[in-house]
Amino acid sequence: MNGTAPRRGGKERALARQHWLVKSEPEAFSIEDLERAPAHTTSWEGVRNYQARNFLREMEPGDGVLFYHSNASPTGVAGAAEVARAAYPDPTALDRRSPYFDPKATRADPRWSVVDLTWRATFREVISLDRLRQVPALARMILLRKGNRLSVMPVTPAEWKAVLGLAGSKG
DNA sequence: GCCAACGTTGGC
DNA sequence: GCCAACGTTGGC
């Protein structure tokens, strides 16, 4: 008993994959861009909101991610991805030439995090906001709450299932 | 382009 | 610690 045995943070996390939604303006980075990226994978850079960052830090490899197009036509869920690598420091926060540079970030305290995401699917049609709002199972989705501006947010298993169901059906 | 909603900053 | 000013997000 040397007290160094690692404490697993609860079995529930090891058993249950979690689900998330990330937003992106397709003009900046779209689901098609992710599909075309090397190894279908990108690091999710530039999150500069603490609540969103904290969600990034909860992600684990294998978690499912809905990919949402904001400021688009139509705006809506455009595809799905998967967490490929858990959170690590966002290098763009320390890069003076990056639009995401944060003068308050330091190597000792980088402040911001990224995860790596791998493309899983591009939906044949974007599931529009209007469509999402019609689905009773999604009534409480964070995405649909008035005034919501989070760019990274959790999705319940039921919501995940419902959205993928819409993606698989004709709409 | 407009504007509501929200987060952050900074003066006090 | 309060809160007004400001900047940003994102739907329309």
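Each chain gets a letter, A, B and so on, in the order its sequence line appears, and its residues count up from 1.
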task: Starting at atom NE2 of A:His69, determine the distance to atom C1' of C:dT9, rounded to an integer number of angstrom.
output: 17 Å
message: Counting only side-chain heavy atoms from C-beta out, which of C:dG11, B:dG7, B:dT8 sits nearest to A:Gln51?
response: B:dG7
message: Rounding to an integer number of Å, can you tell me how far A:Arg145 CZ sits from C:dG11 C1'?
response: 18 Å
- request: Starting at atom CG of A:Asp102, determine the distance to atom P of C:dT8, rounded to an integer number of angstrom.
  value: 13 Å
- request: Nearest whole angstrom, please: distance from the C1' of B:dG7 to the CG of A:Asn54.
  value: 14 Å
- line: When rounded to whole Å, the CG to C1' distance for the pair A:Leu132 and C:dG10 reads 15 Å
message: Can you see whether A:Ser70 engages A:Thr75 through a side-chain donor-acceptor pair at a distance of less than 3.5 angstrom?
response: no
message: Here's a test of your reading of the structure: between A:Asn71 and A:Lys146, which maps to the more 5' nucleotide of DNA chain B?
response: A:Asn71
Euclidean distance, atom CG of residue A:Leu150 to atom C1' of C:dG11 [Å, nearest integer]: 16 Å
- prompt: Taking atom P of B:dT9 as reference, at what distance in whole Å does atom CG of A:Asn49 sit?
  reply: 11 Å
task: Indicate yes or no: at least one non-hydrogen side-chain atom of A:Glu159 is less than 4.5 angstrom from one of A:Leu144.
output: no
- prompt: What distance separates A:Thr42 OG1 from A:Phe29 CZ, expressed to the nearest 0.5 Å?
  reply: 4.0 Å
field: Side-chain donor-acceptor contact under 3.5 Å, A:Asp95 with A:Thr92
entry: no
task: Please state whether the phosphate of B:dT8, meaning OP1 or OP2, lies under 4.0 angstrom from any side-chain nitrogen or oxygen of A:Lys104.
output: no
field: Among C:dT8, B:dT8, C:dG11, the nucleotide that comes nearest once only the side chain of A:Arg149 is considered
entry: C:dT8
- prompt: Between atom CG in A:Leu144 and atom C1' in C:dC12, what is the gap in whole Å?
  reply: 16 Å
Proximal nucleotide (of C:dG11, B:dA5, B:dG7) relative to the A:Tyr68 side chain: C:dG11
